[in-house]
Amino acid sequence: ERFPVVSDTLTVGEAHEYLIKHSSDLDAIDYIYLVNARKKLTGVVSIRSIFTHPSRTPLRNITKKEIITVSPEAHREKVARIALQNNLRAIPIVKNQRLEGVILTHKLLSIINQTLHERLLTISGIHHDHLAYDDTTKIPVLESTLHRIPWLVIGLIGIFIAAGVINQFESVLNEHLIVAFFIPAILYMSNALGSQNQILLIRDLGWMGKDFKTGPYLIKTMSIALVLSAIIGALVYGITALIWGDPTISFVIALAMSATLLVSAASSLLTTLAFRALHQDPATGSGPFATIISDVTSILIYFLIVSVML
């Protein structure tokens with residue numbers, strides 16, 4: 001594509017004459033690109049500046065101080081982001097400071113449209129990464145079964161482990177029957193918070209793309225989980241104390257609830273990120289795997305706290 005390129009030694013008047021002479025040969029006239037004798041990009045001048053400065057003004061004096069460029073290898077998502085963030089109508093392509101080309105307005109609009117389209121599909125769960133995952137409508141029944149059964153078997157093993165954990169605290173259950181009443185509540189709340197975290201994480205991974213930062217995201221999410229666990233713990237304490245009239249047991253159950261919520265929040269995030277890092281399909285594996293981790297750890301933490309404090 002053809003775009004205006006002139007020597008950085010020219011004046012505004014000379015650039016104006018250049019545009020008049022070559023305008024019919026150019027594909028777009030948004031900016032004039034200045035290069036030195038070695039063809040290195042030294043500046044960018046907007047067309048508007050040509051008509052608002054005296055003709056004797058050197059182009060070097062009115063060039064943009066910061067030249068925003070992209071490399072030939074730049075991903076189109078990065079190009080679209082740079083264009084939108086800086087309100088650019090064209091972006092020069094530079095390699096080793098040499099001007100290799102320019103992404104003009106019509107091409108930028110096409111790139112931005114494609115990027116937004118991909119983002120919308122990604123948010124919906126449809127993107128290139130999923131091509132390596134199971135396509136339920138095309139994969140044979142036997143193959144799909146073989147992909148799913150290992151994680152369900154792991155979940156089944158986890159159930160027996162959870163039952164074994166509960167059996168180890170039989171004496172606690174016999175002494176404090178109320179503890180047994182809250183086992184379903186502990187498991188439900190842990191799984192609910194874990195599922196929330198997984199769904200939000202998968203959505204944010206799709207929305208943020210390469211901008212996703214694991215460390216800050218985990219800190220923010222766990223901070224929210226800490227607040228939520230404190231609120232749920234306070235509610236459990238208040239309601240339990242009101243109904244059963246035993247502040248000590250109510251406090252222990254509330255503390256156990258808060259602790260299991262925090263552990264479940266962390267395990268759901270780490271499990272999903274682990275499956276992503278291992279290039280495994282989180283839709284078939286991370287859910288069952290995170291659930292059983294959450295169940296076993298929640299029951300174990302619950303009974304440990306109860307047995308120590310009661």
Side-chain angles (χ1 to χ4, degrees), residues 1-124 126-129 204-213 216-217:
E1 293 180 308
R2 295 161 295 182
F3 48 90
V5 181
V6 301
S7 170
D8 58 7
T9 61
L10 297 187
T11 63
V12 168
E14 291 171 327
H16 191 195
E17 292 178 5
Y18 168 87
L19 292 175
I20 294 174
K21 183 178 180 180
H22 298 281
S23 60
S24 60
D25 301 324
L26 301 173
D27 292 312
I29 308 177
D30 294 304
Y31 304 100
I32 296 179
Y33 300 93
L34 311 184
V35 296
N36 60 19
R38 302 173 66 180
K39 303 300 181 182
K40 291 186 176 182
L41 182 66
T42 58
V44 179
V45 177
S46 67
I47 296 301
R48 181 179 181 182
S49 299
I50 299 297
F51 297 98
T52 56
H53 288 84
S55 60
R56 294 184 179 180
T57 305
L59 292 177
R60 290 176 177 175
N61 293 353
I62 61 173
T63 185
K64 294 179 179 294
K65 295 182 179 180
E66 291 188 12
I67 306 176
I68 299 173
T69 65
V70 295
S71 67
E73 299 80 18
H75 191 274
R76 64 171 175 260
E77 184 175 336
K78 179 181 179 181
V79 174
R81 184 170 64 251
I82 291 175
L84 292 172
Q85 288 176 344
N86 297 280
N87 193 28
L88 298 176
R89 297 186 299 276
I91 300 178
I93 303 172
V94 174
K95 184 176 183 180
N96 297 326
Q97 299 183 338
R98 292 175 62 90
L99 182 63
E100 300 286 335
V102 173
I103 303 175
L104 300 178
T105 303
H106 67 278
K107 187 63 175 179
L108 273 179
L109 291 175
S110 176
I111 291 173
I112 292 171
N113 180 61
Q114 290 177 6
T115 302
L116 291 175
H117 184 67
E118 287 181 0
R119 281 294 181 93
L120 288 173
L121 291 178
T122 299
I123 295 171
S124 302
I126 307 170
H127 52 90
H128 294 303
D129 288 346
D204 292 338
L205 283 170
W207 174 251
M208 297 180 188
K210 295 181 180 179
D211 294 330
F212 181 83
K213 305 296 181 184
Y217 187 90

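Residue indices begin at 1 and follow the sequence shown. As the structure is a computational prediction, the values presented were derived from the model and not from experiment.
When all heavy atoms of G43 and L41 are compared, the closest pair comes out as O-CD1, 3.5 Å. Residues V94 and T69 approach most closely at CG2-CG2, 3.6 Å, considering heavy atoms. Heavy atoms only, all atoms of each residue included: P4 and L26 are closest at N-CD2, 3.9 Å. Taking each heavy atom of L99 and P92 in turn, the nearest pair found is CD1-CB, 3.8 Å. The shortest heavy-atom contact between V44 and Y33 is CG2-CD2, 3.8 Å. Closest heavy-atom contact between V102 and A90: CG1-CB, 3.9 Å.
One distance of note links CG of D204 with OH of Y217; it measures 3.5 Å at 0.5 Å rounding. A distance of 15.5 Å separates CZ in R89 from CD1 in I103, rounded to the nearest 0.5 Å. Going from atom NZ of K21 over to atom OG of S23 covers 12.0 Å, rounded to the nearest 0.5 Å.
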Before you tell me yes or no, could you show the steps for L34 and V6 under side chain to side chain contact (heavy atoms under 4.5 Å, CB included), namely the whole-Å CA-CA distance, both residues' side-chain angles and the distance that decides it to 0.1 Å? CA-CA 5 Å; L34 311 184; V6 301; 3.5 Å; yes

Yes or no on side chain to side chain contact (heavy atoms under 4.5 Å, CB included) for L88 and D30, after CA distance, side-chain angles and deciding distance? CA-CA 9 Å; L88 298 176; D30 294 304; over 6 Å; no

Please tabulate, one pair per line, all N/O donor-acceptor pairs under 3.5 Å involving side-chain atoms of residues 50-61, not counting sequence neighbours.
from: T52; atom 1: OG1; to: R48; atom 2: O; distance (Å): 3.1
from: T52; atom 1: OG1; to: S49; atom 2: O; distance (Å): 3.4
from: H53; atom 1: ND1; to: S49; atom 2: O; distance (Å): 2.9
from: T57; atom 1: OG1; to: P54; atom 2: O; distance (Å): 3.0
from: R60; atom 1: NE; to: D8; atom 2: O; distance (Å): 3.0
from: R60; atom 1: NH2; to: D8; atom 2: OD1; distance (Å): 3.3

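Within a 6.0 Å radius of CG in N96, other residues, nucleotides and ligands contribute 12 heavy atoms or fewer.
Although no hydrogens or angles enter the test, the distance criterion places no donor-acceptor pair under 3.5 Å between the side chain of R38 and the main chain of R98.
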